[in-house]
Amino acid sequence: MGTESYTYMGRSLSQLSIKDDSSSSAFSDCNSDRSGEFATASSQTRRFLITCATENSDDLIRQLVTDLHSSSVDDQKQAAMEIRLLAKNKPENRIKIAKAGAIKPLISLISSPDLQLQEYGVTAILNLSLCDENKEVIASSGAIKPLVRALSTGTATAKENAACALLRLSQVEENKAAIGRSGAIPLLVNLLESGGFRGKKDASTALYSLCTVKENKIRAVKAGIMKVLVELMADFESNMVDKSAYVVSVLVAVAEARAALVDEEGVPVLVEILEVGTQRQKEMAVVILLQVCEDSVAYRTMVAREGAIPPLVALSQSGTNRAKQKAEKLIELLRQPRSSNGDARTSEVVA
């Protein structure tokens, strides 16, 4: 908290406190950035001034947008950082910043060879994308491809925030296919596999949103997502079992994903979750297994042989109402005679 007096852009600022939310929980729903703020004491003073100035920010925003066009990289960095903070800490500033013309120059910064400048541009765009009114403008201004490039070439923070920004843009339905066509899916799968904990959460959340579109499901399967998801579901120490299962539950609507799940030894993992997982994890496991088994005698046989029926019986007696219903339906399927006319869906699987 700062208590000294300062003058900034003609404003006298004193006895004002800073709300520092940098200790808030990692944003699995990508609600705002948690990048490292400012490293030096003088920069902390700048942060204080920016926070205070948000009460009357119009003049400041206009100046910062001008600075984004500067020939000085340092001026661009400072402007992008301050815009990021204004958008992060004051929701009403997000519309003001967009209307002042900040979006296109910020998108240009995302393509900068300077990785720090790229990171600041990505993070500012993320915070502006938290406003529903800005999502279509950001996408139509050409942000998708630069954000996808940042997923490939950026710092760890830039990759995480690019994933979150793409998630926000994907909340406009027509953007989902465009994001998929731009090459985001394999890069998000890579972040899910090799990123830090926050990166994995952000990637899984973005993939969950994007893979409601069929063509993105296929892209994700081709990118090897099922291997990654099965490994995360199998690791109860990863804190990623729930999120991974939710992504799997979306993907297995297509035959390619069901085949990949089986090929990657996902069935034994799901049966183990039925046995020892939390109530929510057990519910997700039965939802997935039911989708896998509904049209495949071969998969039903496999699930039954893995020992799924005893934990399913237990779940049908002690789970949530939804889990009980799904468990009972799956038990019924698994107990049906297995000498049918064949596997209706297996022949549809595309290699």
Side-chain angles (χ1 to χ4, degrees), residues 27-33 87 91 94-95 97-99 102-104 106-107 110 121-152 158-192 199-223 225-226 228-229 242-258 260 284 287-288 291 322 350:
F27 57 100
S28 60
D29 293 326
C30 302
N31 288 326
S32 181
D33 72 274
R94 295 167 191 156
I95 295 176
I97 291 167
K99 288 183 176 178
I103 288 175
K104 286 190 175 180
L106 284 170
I107 291 171
I110 298 175
V122 167
T123 310
I125 286 293
L126 163 61
N127 287 352
L128 292 176
S129 73
L130 302 180
C131 170
D132 288 340
E133 293 183 37
N134 288 342
K135 290 183 175 74
E136 291 188 22
V137 178
I138 291 170
S140 64
S141 297
I144 291 174
K145 288 184 178 179
L147 286 169
V148 171
R149 283 196 296 272
L151 276 176
S152 175
K159 289 177 181 179
E160 292 162 355
N161 289 345
C164 287
L166 290 168
L167 164 66
R168 290 294 167 183
L169 297 184
S170 76
Q171 291 169 343
V172 178
E173 190 66 25
E174 53 266 32
N175 289 339
K176 291 182 180 182
I179 292 169
R181 287 193 300 268
S182 295
I185 303 295
L187 295 171
L188 288 168
V189 171
N190 184 61
L191 182 60
L192 180 65
K200 290 178 188 294
K201 292 207 301 180
D202 297 345
S204 65
T205 308
L207 286 162
Y208 180 78
S209 175
L210 289 167
C211 287
T212 58
V213 174
K214 183 177 179 179
E215 54 263 41
N216 287 341
K217 289 180 174 70
I218 305 301
R219 292 184 178 106
V221 172
K222 288 181 177 178
I225 192 172
M226 205 56 75
V228 181
L229 292 171
D242 299 58
K243 279 187 169 292
S244 300
Y246 276 112
V247 179
V248 173
S249 72
V250 170
L251 291 170
V252 292
V254 297
E256 293 88 343
R258 296 193 291 274
M284 289 308 303
V287 166
I288 294 165
Q291 290 182 86
R322 179 171 183 251
V350 177

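Residues take their numbers from the sequence shown, with the count starting at 1.
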Interatomic distance, SG@Cys211 vs CG@Asn216, rounded to 0.5 Å, equals 5.5 Å
What one should report as the nearest heavy-atom pair of Ala139 and Leu169 is N-CD2, 4.4 Å
Contacts of Ala257 meeting side chain to side chain contact (heavy atoms under 4.5 Å, CB included) (sequence neighbours excluded), chain-then-number -> Val221, Met226, Leu251, Val254
Applied to residues 176-187, the salt bridge (charged side-chain N to carboxylate O under 4.0 Å, His left out) test, sequence neighbours excluded, yields Glu173-Lys176
Correct closest heavy-atom pair for Ile144 and Ser182 would be CG2-OG, 3.5 Å
Looking only at heavy atoms, the pair that brings Leu187 and Val148 closest together is CD1-O, 3.4 Å
Rounded to the nearest 0.5 Å, the CD1 atom of Ile125 sits from the CG atom of Leu106 at a distance of 5.0 Å
Nearest heavy-atom contact between Lys243 and Thr205 is NZ-OG1, 3.0 Å
d(Ile138 CD1, Asn134 CG) to nearest 0.5 Å is 5.0 Å
When every non-hydrogen atom of Leu126 is compared with those of Ser129, the smallest separation belongs to O-OG, 2.6 Å
Is there side-chain contact between Lys217 and Val250, with heavy atoms separated by less than 4.5 Å? yes
Shortest non-hydrogen pair, Lys135 vs Gln171, comes out as CE-OE1, 3.1 Å
* Is it true that a side-chain atom of Arg94 and a backbone atom of Cys131 form a donor plus acceptor pair closer than 3.5 Å? -> no
What's the verdict on side-chain contact (heavy atoms from CB on, under 4.5 Å) for Leu128 and Ile95, showing C-alpha distance, side-chain angles and the deciding distance? CA-CA 8 Å; Leu128 292 176; Ile95 295 176; over 6 Å; no
Value for CG (Asn175) from OG (Ser209), rounded to nearest 0.5 Å, stands at 10.0 Å
Between the OG atom in Ser152 and the CG atom in Leu191, the distance rounded to the nearest 0.5 Å is 11.5 Å
Is the shortest side-chain heavy-atom distance between Leu167 and Asp202 below 4.5 Å?
no
So do the side chains of Leu210 and Leu188 get within less than 4.5 Å of each other, counting heavy atoms only?
yes
Tell me whether Arg258 contacts the main-chain N or O of Val252 through its side chain, where contact means a donor paired with an acceptor under 3.5 Å. yes
Less than 3.5 Å apart, any donor N or O on the side chain of Asn161 or Thr123 sitting next to an acceptor on the other? yes
Separation between OG (Ser249) and CD (Gln291), nearest 0.5 Å, reads 6.5 Å
